[in-house]
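Take a look at the structure set out below.
Computed over heavy atoms, backbone and side chain alike; hydrogens, waters and symmetry mates excluded. When a residue number appears, it is its place in the shown sequence, counting from 1. None of these values were measured; they are calculated from a predicted model.
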Amino acid sequence: MHGIPRRAARPMFLNLLALRFPIGAVVSIGHRLSGLLLVVALPFLVAFFERCLESERIYQQTMAAMRSPLGTVIMLILCGSLVLHVLAGVRHLLMDIDIGSSLPIARRTAWLVLSASAVAAATLAGGWWLS
């Protein structure tokens with residue numbers, strides 16, 4: 001500690017909730033989290049489809065459960081994750097080949113991915129719920 005002021009040698013508390021990430025980082029983190037959520041949900045979705053194939057009565061019961069408020073929220077989250085993951089993945093692939101990789105365009109495409117995925121998720125979940 002020779003030559004270092006005492007105040008600088010103390011550990012600093014880093015409040016992670018106070019950090020403001022750039023929009024590109026938000027989309028990148030969202031891409032990773034949505035992929036993780038989709039992988040975790042896959043066995044449950046397979047079991048859901050398998051259960052729906054058992055009989056007409058079980059299909060009707062399962063669909064009624066999925067049209068409940070909780071089922072609608074789950075479908076909205078899964079639809080949003082799927083759309084966000086696909087759109088952010090395409091954005092990342094295009095940026096890998098230097099399409100849209102300049103900072104202003106990258107920011108605009110990040111906002112576009114977030115807004116388009118929210119609209120598409122609401123549309124998909126709403127269309128599924130109405131069917």
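- In this structure, the side chain of R67 does not engage the main chain of T62 through any donor-acceptor pair within 3.5 Å.
- V27 and I29 fall into different hydrophobic clusters, defined by Ile, Leu, Val, Met, Phe, Trp and Tyr side-chain heavy atoms under 4.5 Å apart, directly or through other members.
- In this structure, CZ on R108 lies 10.0 Å from CG on L103, to the nearest 0.5 angstrom.
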Practice problem: Tell me, with the steps shown, if L33 and L37 meet side-chain contact (heavy atoms from CB on, under 4.5 Å). | Solution: CA-CA 6 Å; L33 291 177; L37 178 65; over 6 Å; no
Practice problem: Check the pair Q61, E56 against side-chain contact (heavy atoms from CB on, under 4.5 Å), reporting the backbone distance first and the verdict last. | Solution: CA-CA 9 Å; Q61 289 174 349; E56 178 70 24; over 6 Å; no
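- The nearest pair of heavy atoms linking G80 to A121 is CA-CB, 3.3 Å.
- More than 12 heavy atoms of other residues, nucleotides or ligands sit less than 6.0 Å from atom CD of E54.
- Closest heavy-atom contact between A120 and V83: CB-CG1, 3.7 Å.
- S28 approaches H92 most closely through the heavy-atom pair CA-NE2, 3.9 Å.
- To the nearest 0.5 Å, the span separating CZ on R91 from CG on L93 amounts to 11.5 Å.
- In plain terms, the two heavy atoms of M95 and A106 that are nearest each other are CE-CB, 3.9 Å.
- Considering V86, L82, L87 in turn, L87 is the only one that fulfils the side-chain contact (heavy atoms from CB on, under 4.5 Å) rule with S117.
- Side-chain contact between L114 and L84 is present, with at least one heavy-atom pair separated by less than 4.5 Å.
- With hydrophobic clusters built from ILVMFWY side chains whose heavy atoms lie under 4.5 angstrom apart, M66 does not share a cluster with V40.
- Connection of L36 to L42 is not established within any shared hydrophobic cluster, with ILVMFWY side chains joined at heavy-atom distances below 4.5 Å, either directly or through further cluster members.
- Side-chain N or O atoms of H85 include none that pairs as donor or acceptor with a backbone N or O of S34 at under 3.5 Å.
- Here CG of L78 is found 11.0 Å from CZ of F44. Values are rounded to the nearest 0.5 Å.
- Under the 4.5 Å side-chain contact rule for hydrophobic residues, V113 and I23 share a cluster.
- Here the straight-line distance linking atom OG of S68 with atom CE of M63 works out to 11.0 Å at 0.5 Å rounding.
- L124 and V119 fall into different hydrophobic clusters, where Ile, Leu, Val, Met, Phe, Trp and Tyr are joined by side-chain heavy atoms under 4.5 Å apart, directly or via other members.
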Practice problem: Evaluate side-chain contact (heavy atoms from CB on, under 4.5 Å) for I58 paired with R51, printing each intermediate quantity in order. | Solution: CA-CA 7 Å; I58 293 176; R51 181 166 164 77; 3.5 Å; yes
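- Annotation: the span from I74 atom CD1 to L45 atom CG amounts to 10.0 Å, rounded to 0.5 Å.
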